[in-house]
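Data block below; observations after.
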Amino acid sequence: MDLIANHGRRVSVEELNTSKLLAHASRQAKERKFEDVMIVDVDAHHYENEHFGEILPYMDNEVFKQLALASRAKGGRGSVAPSVFGFQDIGGRVTRYPLRDSEQAGKGYQRDIEIGHRWMDAMGVDYSCLFPTGMLNIGSHPQVEMEYELTWAYNRWVTEKVIPESNGRFFTMLGLPMSDPEGALKQVETFGDRKGVRGFMITAVRPNLPVHDNRLMKVYRAIEERGLALSFHSGFNWTDKQFQSCNRFIAAHALGFSWYNILHCTNWVVNGMGERFPKLPVIWIEAGLAWVPFVMQRIDHEYMLRPSECPLLKKKPSDYMRDMYYSTQPMEIQDMGALEDTFRMINAETQLMYASDYPHWDFDLPSTIWDLPFVTEKARHNILGGNAARVLGLPPRNEAQKKNLERFGNLKA
Amino acid sequence: MAEQFVAKASEFQNGDRQIIRVGEDEIGIFKHEGKYYAYSNFCLHQGGPACEGLTIAGVKEKLRDDKTSVGLYFDENSMHFVCPWHGYEYDMFSGEQVADRRLKLKKYNVVQKGDEVYVVA
Amino acid sequence: MSSPKTQTSKSATARPALKKPAAAKSARKAEAAVEPTRAEKAAFLKAMVQGIKPGSKAAEKSAARKGPEAAKSAKAAKAPKAETPAAAPKVEVLRRISGAASIPVTPESERALALAKELEATLADGKLDALQPHAMQALMAALCKIYSAQDEADMRYPVLSGRGAVTGTDVMIVCGALLRAVDLQVFELGMWQSWSGR
């Protein structure tokens with residue numbers, strides 16, 4: 001396989017094999033005896049757009065299904081789902097993007113399961129929460145009906161095909177059509193009890209979504225009643241108004257992933273959602289961690305001056321934020337002191353959940369948590385999997401893991 | 001430290017690379033513009049296979065005297081190799097991480113004896 | 001589906017017995033005790049930058065965390081290294097990654113390269129009359145026709161090998177001369193480019 005470098009110069013690289021690419025990760029897992037530690041990755045991805053041929057037939061409405069299928073027919077020039085500009089692969093420097101097609105694996109959704117198991121085995125991950133990639137931008141779709149139809153089709157496909165055949169190692173938090181509260185409720189009611197569904201997810205790239213909208217309360221209540229989790233998966237959209245001055249992808253990406261979760265988390269907190277749904281576990285995903293102390297400081301500061309705007313709150317905004325959960329990745333590890341403070345501020349020992357984000361470009365290995373100098377053994381185990389096991393009800397995969405979960409109070413009977 | 005045989009020089013073309021394991025270490029040996037360079041194959045970031053990704057010239061930005069930007073260009077006098085896991089970019093000549101040159105991959109000496117190339121490891 | 005490997009990779013294989021869970025209170029105490037010192041944190045940062053050197057104290061410490069067997073082998077790694085530094089470890093070739101696909105040698109290309117080198121030398125020597133107009137015209141015409149034919153045949157590549165090959169002024173002079181030679185205006189070139197998408 002050739003990759004293109006400067007001035008059209010071609011550089012030969014081997015075809016992609018995830019196990020081989022991650023050989024050093026396997027070594028790390030072996031050295032750290034990760035097989036005794038239950039590791040849950042609360043954010044991993046597949047490229048569902050490669051399987052639209054399988055997914056679109058699950059659409060419900062015949063007219064939208066015909067539109068979608070026709071746009072994909074040979075010679076069709078339509079575009080089914082929103083897509084975003086960007087260069088995640090840094091011009092091919094992150095080689096698994098351009099080499100994706102070259103990996104030898106099964107066909108269709110089986111391919112995603114097989115490749116998924118390769119990276120999980122290499123890293124020592126027991127369970128992965130499988131999220132889509134392109135569909136994370138479904139919130140940018142101008143048609144409410146199409147947003148509903150596409151999430152419906154994906155949610156059926158992933159719960160009927162992918163999850164059931166993943167040997168119990170993939171679970172999911174299904175994306176909801178938040179522009180259509182009735183439709184979102186229907187999807188919670190339809191899919192909430194399916195095997196491998198541990199929660200529902202709001203694709204956070206929705207700058208116009210008021211998460212506190214009265215019409216959405218029934219959706220949150222339905223999730224809470226089922227004992228499931230609600231997650232906000234962040235993303236970026238370079239074309240959103242606030243990023244249009246960014247001339248470099250790094251700016252739109254670095255700010256975007258934090259921004260959408262900052263926005264929704266702030267609205268969630270100041271509107272007293274923590275008081276309204278005290279039993280609903282809320283997980284903030286893929287925004288990194290550096291934003292959390294910022295928002296805590298900022299809202300606490302203003303709350304002390306303007307409590308009249310947040311009458312539902314019975315404690316400081318940061319206290320509500322400490323009741324919620326955060327995924328680790330992409331963990332900003334540049335200033336170790338700041339990271340240590342962040343862990344303290346969010347009660348990382350009980351509230352932080354490891355995420356790899358594999359195969360995306362800025363994935364984190366479990367060793368990024370395991371090797372931190374300032375975390376206790378309990379925190380290390382909890383963050384890597386114990387917290388997720390406890391909150392999402394995932395069982396250990398061997399005796400040693402069971403003992404470790406028991407030891408730190410994370411074993412859910 | 002001992003000299004470890006890498007390859008025959010006559011079979012090692014410019015742009016070729018070889019990754020070898022010596023005991024517990026992995027070393028990437030590059031041939032670039034007639035010279036050999038050898039570095040640890042463990043990325044300083046998260047331990048990825050630092051020497052197995054794309055090789056590409058460094059990107060620079062040219063400014064005019066009035067501080068306005070002319071734009072980006074590839075610096076043809078440079079060559080980088082990039083860890084395929086996350087894009088950590090290293091200087092071929094020094095093994096320095098180009099975003100923070102205080103970070104350096106372990107460098108190994110390469111010697112050529114006749115038609116044989118050895119790395120000292 | 002999914003390979004059997006995936007099922008067994010982290011499942012029951014022989015592993016050392018775990019320590020008995022301590023009482024909650026003493027466990028908390030133990031955790032407080034394992035809080036690393038400033039120096040240890042600094043060493044971690046250093047290790048992040050430099051990698052942990054085998055045989056070093058840091059390596060022993062990290063191995064100790066992994067279990068008794070790893071600790072033993074980390075300690076062992078130190079001793080022979082000091083005593084028998086020349087012990088030759090086994091070399092294993094993991095991968096050979098070839099450079100760019102080799103360029104086929106054709107006699108015409110070889111002669112063209114030699115001629116280009118010769119002409120560049122005349123320029124360096126200031127012999128501007130070395131290449132007479134009729135020779136320049138023949139060469140330029142042949143290059144234009146061949147490059148265009150290759151482009152039509154989807155054999156596309158940058159016309160110059162790098163940024164330093166010629167200056168922007170060189171290109172403007174030659175392009176202007178070429179356009180004049182076939183009586184084309186710049187706007188016609190622009191129109192053709194926008195229509196043809198090239």
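Sequence lines set the chain letters: A, B, ... in the order given, protein chains first and strands last, and positions in each chain run from 1.
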- Query: Just wondering, more than 12 heavy atoms not from B/D65 lying within 6.0 Å of its CG?
  - Reply: no
- Query: Near B/D75 CG, under 6.0 Å, is it more than 12 heavy atoms from other residues, nucleotides or ligands?
  - Reply: yes
- Query: How far does CD1 of C/I97 sit from CG of B/D16, to the nearest 0.5 angstrom?
  - Reply: 9.5 Å
- Message: Does atom CD (B/E33) have a neighbourhood of more than 12 heavy atoms from anything else shown, all under 6.0 Å?
- Response: no
- Check: C/R96 and B/R17 side chains under 4.5 Å, non-hydrogen atoms: no
- Item | side chain to side chain contact (heavy atoms under 4.5 Å, CB included) between B/Q18 and C/V93, intermediate numbers included | CA-CA 7 Å; B/Q18 190 145 311; C/V93 176; 3.8 Å; yes
- Item | Atom pair CD/CD of B/E26 and C/E92 - distance to nearest 0.5 Å | 8.5 Å
- Query: Got more than 12 heavy atoms from elsewhere within 6.0 Å of CG, C/D125?
  - Reply: yes
- Task: Measure distances from B/F30 to the heavy atoms of chain C and classify the residue's part below 4.5 Å as side chain, backbone, both or neither.
- Result: neither
